[in-house]
Structure formats: structure tokens, C-alpha cells
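What you see below is based on every heavy atom in this structure, not just the backbone, and it leaves out hydrogens, waters and symmetry mates.
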Amino acid sequence: PGQELKPGTTACLPPLKPAKELASRLDLARWLTRPDHPLTARVAVNNIWAIFFGQGLVSSRADFGSQGSYPTHPELLDWLAVHFQESGWDVKALVKLIVSSETYQQQSSPTVEQLLSDPQNKLLARGPRFRLSADHIRDPAPAHSGLVVPCTARPPVKTYHPGVLCRQL
């Protein structure tokens, strides 16, 4: 009940389409991924960077606005975002670029000088040291143990459950 709402953006943002036309979800996706709209690519790159380094180039991952923190390496963030857009938003290529970099391949054990000059490793002088989340440990475990069946046309597997007796019918 009340005023009829139409698809679009708030008044403080550029419109998705001219006022006469109705916008769709595809229009929103195109609007978010425009070449002159770098924010979406910067947020995506920052989140992928944080997966490998434990912390993004912008430490406030949920806030890229005026209340968020400033990037530690703004030129790197912008370069990676442009590269990500120009590659057609290819996540696999971005991951390959990050893990093949000299920054990622550094040793994680710091020297005394590095600890004194940069205790939080914001200058990326050493490799990352952080704890993995439970998802990062649990999800690949079935694949490494050989329990994943790549063919989907097989009957389901009944896994072992300790303490549960199976009754024969």
C-alpha cells in the first residue's frame, strides 16, 4: 500500500536508464560493471586479495565509503581493478596474477627490522600469516581424500555415521 515504486537508483546516484524507460536487473548489472564505475571492481579485487593475505588492501572490507579506511596501496588496488575489468572480470586470471606475484611468494617469517618498522605488515614486506577459516579447511577435504565423485549420473553415496545402526528391511 502506498506509492508505487519503480526500479532504479536513489537520487544521489546516476540513473540506470532514462526516466521514461523501466530498468531491469540486467540494466543494474551493466550499470555496476561499467568501465567508468571502478568501485565494483575495486571491492571484488580487495576481497580476493584478502583471501590470500588475510587482510585487504583496504582494511575496512565492508566500507569503501568516506567512513572506511584508506587503501594501504591505492595504486596497486586501482591497477588490479582495471586489470580485472579489462580481463572480462576473470577471477581465475586475477587469482593467478596474485599468487604468482613476488609479494605473495615471500617468506612469512619476519626479520627483527620488519617487525619493528611494520608490525601489521601493511607494507607487504613479508608473506601473510593468518589462520584459515573452517570453510577453507573443510571444503577441500573431501576432494583431497578421494571422496568426491566427479560423475553426477551415479547413485548417491551413503556415508558412514558412527554410532548409527542400519536396519535391514
More than 12 heavy atoms of other residues, nucleotides or ligands under 6.0 Å from CD of Glu102: yes or no?
no
Taking the side chain from Asn46 and the backbone from Leu57, do they hold a donor-acceptor pair closer than 3.5 Å?
yes
Please examine the side chains of Phe84 and Leu97, heavy atoms only from C-beta on, and report whether any two atoms are closer than 4.5 Å.
no
Nearest non-hydrogen partners of Leu124 and Phe53, listed with the distance
CD2-CD2, 4.5 Å
With a 4.5 Å heavy-atom cut-off, do Asp90 and His83 have their side chains touching?
no
Quick check: does any side chain N or O of Asn121 sit under 3.5 Å from a backbone N or O of Arg126, one acting as donor and the other as acceptor?
yes
Could you pull out all residues at least two apart from Arg34 that satisfy side chain to side chain donor-acceptor pair (under 3.5 Å)?
Asp36
Minimum heavy-atom distance Gly56-Ala50, with the two atoms named
N-CB, 3.6 Å
Under 6.0 Å from the CZ atom of Arg25, do we count more than 12 heavy atoms belonging to anything else shown?
no
With a 4.5 Å limit on heavy-atom distance, are the side chains of Arg42 and Pro71 in contact?
yes
Would you say the side-chain atoms of Ser60 pair up with the backbone N or O of Ser69, donor to acceptor, closer than 3.5 Å?
yes
Any side-chain to backbone donor/acceptor pair from Gln85 onto Pro38? Under 3.5 Å, distance only.
no
Go through the side-chain N and O atoms of Thr40 and Thr33 and say whether any donor and acceptor fall under 3.5 Å apart.
no
Check Phe52 against Ile98 and note the closest heavy-atom contact, atom names and distance.
CD1-CG2, 4.1 Å
